[in-house]
Amino acid sequence: MTYEQCECEVRQRLSEKRFYHSQCVAEEAVRLAVLYGADPEKARLAGLLHDILKDTPAEEQLKILQGFGIMMNDTELANQKLWHAISGAAFLEFGLGIRDRELLSAVRCHTSGRKNMTLLEKVLFVADYISADRDYPGVEELRAVARESLEEAIIEGVAFTVQELMSRREPVASASIDAYNDAVAVLKEKEK
Ligand SMILES: Nc1ncnc2c1ncn2[C@@H]1O[C@H](COP(=O)(O)OP(=O)(O)O)[C@@H](O)[C@H]1O
């Protein structure tokens, strides 16, 4: 599929606001990719596609996952906000025929992160926090951190999300803690 065809698939499934967010994440992912040595065009496409099922009702997302025979683990099931990433990656692969495993796994883990993230996964994970449309308190600081270190940005991003989830007494998927621990380990290694 061409980039334009992908854009068309995304646009028809998302609200204007969410489509704009996807475009902003695509642009930010390119910037981070250039800065840290990932493939900019793959990063752009991952950013464009990452939220493709975000506006699809949860029951439909479940049906899509069941239809493709994909199981979620217990924490994933307990966190509805994670479903669009998992169902989105499945839809891209089995619905649209996108075969790029690196891109698919970046979409699959873009919300929670995961253990042993690839460079592209890190780029997308961070781009989603700092894209131009984001305006939460602290986003400017996180943008500055992301220009200096992807790992520091992952740590700050996960800390922000986990604190927010805990304050609402919501379950926390351990994939984010894994991503945090890996980032801490990379920084410790660099300090040596
Ligand atoms: N480890 C996690 N466990 C549970 N929920 C999580 C985790 N990480 C992220 N989330 C949920 O996902 C939300 C962010 O998802 P995201 O796709 O970036 O949404 P949006 O683009 O609407 O901000 C967080 O606000 C949180 O509710």
Side-chain angles (χ1 to χ4, degrees), residues 10-11 13-29 31-32 43-58 60-62 64-65 71-92 103-117 120-143 145-146 150-184:
V10 171
R11 192 195 292 266
R13 289 180 177 83
L14 296 182
S15 66
E16 284 233 338
K17 187 166 179 248
R18 182 65 54 186
F19 179 65
Y20 176 63
H21 167 68
S22 303
Q23 289 177 308
C24 291
V25 173
E27 280 168 27
E28 186 55 51
R31 275 193 284 274
L32 292 175
R44 187 193 301 280
L45 193 54
L48 174 75
L49 294 170
H50 80 288
D51 265 349
I52 189 161
L53 293 193
K54 179 90 179 186
D55 291 342
T56 302
E60 250 182 76
Q61 289 184 35
L62 274 186
I64 286 169
L65 284 169
M71 311 278 285
M72 287 193 279
N73 66 33
D74 287 349
T75 6
E76 288 169 346
L77 262 176
N79 291 284
Q80 227 182 74
K81 283 209 168 174
L82 303 182
W83 294 3
H84 73 285
I86 303 164
S87 61
F91 177 72
L92 292 174
L103 184 149
L104 294 171
S105 75
V107 171
R108 195 188 189 287
C109 74
H110 84 264
T111 306
S112 63
R114 72 173 179 102
K115 195 166 178 50
N116 293 330
M117 280 201 281
L120 186 75
E121 288 169 359
K122 291 178 186 178
V123 161
L124 181 60
F125 184 75
V126 172
D128 196 19
Y129 273 99
I130 62 168
S131 55
D133 59 307
R134 298 290 197 194
D135 60 359
Y136 56 85
V139 69
E140 274 308 332
E141 287 79 355
L142 189 51
R143 284 186 183 121
V145 168
L150 265 186
E151 272 71 31
E152 286 283 5
I154 291 168
I155 290 170
E156 300 269 332
V158 170
F160 175 84
T161 300
V162 169
Q163 275 167 28
E164 198 195 66
L165 287 165
M166 286 183 171
S167 73
R168 288 190 266 126
R169 302 292 183 263
E170 286 186 25
V172 177
S174 58
S176 297
I177 309 298
D178 291 337
Y180 164 87
N181 282 330
D182 280 353
V184 168

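Below, all heavy atoms of this structure are taken into account, side chains as well, without hydrogens, waters or symmetry copies. Note that ligands are numbered from 1 as they come in the structure, with each ligand's atoms numbered from 1 the same way.
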Between I130 and V139, the two heavy atoms sitting closest are CA-CG2, 4.2 Å
shortest atom 11 (C) of ligand 1-to-protein heavy-atom contact is with K81 CB, 3.9 Å
Quick check on R134 - does any of its heavy atoms sit under 4.0 Å from an atom of ligand 1?
yes
Margin query: Testing the 3.5 Å rule here: is there a donor-acceptor pair between the side chains of D55 and H84?
Written below: no
Of H110, K54, H50, the one whose closest heavy atom lies nearest atom 16 (P) of ligand 1 is K54
Between D182 and N116, the two heavy atoms sitting closest are OD2-N, 2.5 Å
The reported gap from OG in S22 to CZ in R11 (rounded to nearest 0.5 angstrom) is 11.0 Å
If we number the atoms of ligand 1 from 1 as shown, the ones under 4.0 Å from a heavy atom of L82 are 6 (C), 7 (C), 10 (N)
Closest non-hydrogen contact found for F125 with H110 is CD1-O, 3.2 Å
Out of N79, V25, T111, D128, the nearest non-hydrogen contact to atom 12 (O) of ligand 1 is supplied by T111
Taking distance alone, with no angle check, do S112 and ligand 1 share an N/O pair under 3.5 Å?
no
To atom 6 (C) of ligand 1, the nearest of T75, D133, L165 on a heavy-atom basis is L165
TODO: Say whether T161, considering both its backbone and side-chain N or O atoms, lies within less than 3.5 Å of an N or O atom on ligand 1.
DONE: no
So is S176 polar-close to ligand 1, meaning N/O to N/O under 3.5 Å? yes
Counting from 1 in the order shown, the ligand 1 atoms closer than 4.0 Å to a non-hydrogen atom of H84 are 17 (O)
Note: ligand 1 atoms sitting under 4.0 Å from heavy atoms of E164 are 25 (O)
The answer for which part of R18 has a heavy atom under 4.0 Å from ligand 1 is side chain
Any donor and acceptor pair, going by atom type alone, linking the side chain of E28 with main-chain N or O of A132 inside 3.5 Å?
no
So for R114 against ligand 1, with non-hydrogen atoms under 4.0 Å, the contacting part is neither
Worksheet item: Is it true that D128 and R134 have a side-chain N and a carboxylate O under 4.0 angstrom from each other?
Response: yes
Checking heavy atoms under 4.0 Å, the part of P171 that sits near ligand 1 is backbone
field: Donor-acceptor under 3.5 Å (E76 side chain, N73 main chain)
entry: yes
Problem - Polar contact flag for A173 and ligand 1 (N/O pairs, less than 3.5 Å) - result: yes
*Check for a donor-acceptor pair, side chain of T161 on one end and backbone N or O of V158 on the other, with a separation under 3.5 Å.*
no
Contact between ligand 1 and E170 is defined here as a heavy atom of the residue under 4.0 Å from a ligand atom; is it met? no
CD1 of I154 to OH of Y129, rounded to nearest 0.5 Å, is 9.5 Å
